[in-house]
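The next block holds one structure in the form of structure tokens; read it before the comments.
Just the heavy atoms: all of them, side chains too, but no hydrogens, waters or symmetry mates, feed the values below. A note on names: the letters A, B, ... follow the listed sequences, proteins ahead of strands, and every chain is numbered from 1.
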Amino acid sequence: SVKERTIAENSLVILLQGLRGRVTTVELRDESAAAGLVTSVDAFMNVRLAEVTLTDRRGAVSHLDELFVTGRNVRYVHIPDDVDIRATIEEQLRAIHRVRFFGGRDKGRREFPQAK
Amino acid sequence: SRLSWLENSGVGFSLDYPTISLHAVSRDLSAFPREHLYVMVNAKFEEETKETPMAEGEEEDDSDDDVEPIAEFRFVPNDKSALEAMFSAMCECQALHPDPDDDDSDNDYEGDEYDVEARELEQGDIPSFYTYEEGLSHLTAEGQATLERLEGMLAQSVSTQYNMAGVRTEDSIREFEDGMEVDVAPVVAGQFEDAEVDH
């Protein structure tokens with residue numbers, strides 16, 4: 001949605017969105033941690049993971065096929081060491097701009113101007 | 001606006017989406033004997049509540065006052081193939097309930113969007129509307145059909161109170177009442193002049 005693209009463009013959540021397809025660990029507010037493959041991250045930082053190992057704050061481990069964590073409950077997201085943070089952000093921004101200006105500058109969704 | 005679980009007997013309960021911290025599909029039978037939808041909720045539930053036979057409430061054991069109460073639910077459907085749909089539905093519903101306390105991201109987006117029109121008119125290269133002559137040359141076949149249909153509708157509506165440019169004149173009204181077909185084409189010129197009016 002337009003609103004989500006705007007939010008993503010203006011916050012670091014865009015970096016998390018670039019982690020799609022990567023395996024990483026998400027630490028939650030209640031000190032449990034979920035490790036898995038990032039399926040998606042939305043502008044509200046809701047994270048969807050697949051093939052998850054959930055370690056609750058007491059240390060008990062469970063395996064879940066899919067997990068959805070609300071953004072509010074995310075404390076940390078581990079960025080894998082081999083991720084180039086700047087390049088990931090730039091690529092995500094390009095993807096947003098492709099949607100926004102699909103078909104050329106004077107066509108496609110006119111959300112707001114390219115540069116201020 | 002709430003997650004509800006109902007048994008066949010009609011007994012059930014509801015959870016408010018904002019209280020749900022996370023949800024998951026668990027197919028690990030070594031952890032729990034049935035495939036289920038696991039939901040973690042940020043709230044306390046009384047143990048003696050009879051409406052929640054499938055719920056497992058876990059009270060916080062720590063004496064640490066800062067830790068919030070947590071309750072864990074396992075929803076076991078009779079048909080485990082429903083789990084995907086249940087999970088996805090919950091994801092969508094959660095996305096519809098963004099955190100009201102989160103005040104860093106959404107503030108300025110409204111302002112940016114409403115600048116579009118002003119910026120476009122100022123730049124002049126991206127018109128948000130066409131004057132009649134320009135518009136005609138950009139019409140697709142579908143657009144042309146729509147235009148003709150709308151013009152037909154306009155011609156049909158009899159309005160003597162006001163004189164919309166190009167649509168109705170005293171003369172053409174008389175013609176219409178005579179039962180003669182009004183030829184719309186001649187009155188089309190200038191019909192969209194009002195589109196140029198500044199609002």
Considering only heavy atoms, which portion of [X] lies under 4.5 Å from any heavy atom of chain A: side chain, backbone, both, or neither?
| X | result |
| --- | --- |
| E84(B) | side chain |
| M90(B) | neither |
| L83(B) | neither |

Next on the checklist: Between D16(B) and T19(B), is there a side-chain donor-acceptor contact under 3.5 Å, judged purely by atom types and distance?
Outcome noted: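 Their side chains do not contain a donor-acceptor pair, so the 3.5 Å distance test is not met.
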
Item to check | Most chain A-contacting option - heavy-atom pairs closer than 4.5 Å, from C91(B), S30(B), A31(B) | outcome: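 Of the candidates given, the most pairs with chain A belong to C91(B).
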
Checklist entry - Quick one: side chain to side chain donor-acceptor pair (under 3.5 Å) pairs with a partner in residues 36-45 of chain A, sequence neighbours left out? => result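 Residue pairs with at least one partner in residues 36-45 of chain A: D42(A)-N46(A).
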
Next on the checklist: Just to verify, what does E31(A) make a side-chain contact (heavy atoms from CB on, under 4.5 Å) with, not counting sequence neighbours?
Outcome noted: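 With sequence neighbours excluded, E31(A) shows a side-chain contact (heavy atoms from CB on, under 4.5 Å) to R57(A), R75(A), given in chain and number order.
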
Next on the checklist: Can you list everything that forms a side-chain contact (heavy atoms from CB on, under 4.5 Å) with D82(A)? Sequence neighbours excluded, please.
Outcome noted: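 For D82(A), the residues satisfying side-chain contact (heavy atoms from CB on, under 4.5 Å) (neighbours in sequence not counted) are R22(A), P80(A).
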
Item to check | CG (L12(A)) with more than 12 external heavy atoms under 6.0 Å | outcome: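 At most 12 heavy atoms, drawn from other residues, nucleotides or ligands, come within 6.0 Å of this atom.
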
Checklist entry - For E51(A), does the CD atom sit with more than 12 other heavy atoms under 6.0 Å from it, leaving out its own atoms? => result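 Counting neighbours around CD of E51(A), 12 or fewer heavy atoms of other residues, nucleotides or ligands fall under 6.0 Å, so no.
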
Checklist entry - Between S32(A) and L28(A), is there a donor-acceptor pair closer than 3.5 Å when you use the side chain of the first and the backbone of the second? => result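 Side chain of S32(A) to backbone of L28(A), a donor-acceptor pair under 3.5 Å: no, none is there.
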
Checklist entry - Within the side chain of T88(A), is there an N or O that forms a donor-acceptor pair under 3.5 Å with the backbone of L15(A)? => result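 Side chain of T88(A) to backbone of L15(A): no pair is present.
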
Checklist entry - T70(A), V47(A), L54(A): which one forms the most heavy-atom pairs within less than 4.5 Å of chain B? => result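 Most pairs with chain B among the choices: T70(A).
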
Checklist entry - Hey, which residues of residues 60-68 of chain A are touching chain B, say heavy atoms under 4.5 Å apart? => result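 From residues 60-68 of chain A, the residues near chain B are H63(A), L64(A), D65(A), E66(A), L67(A), F68(A).
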
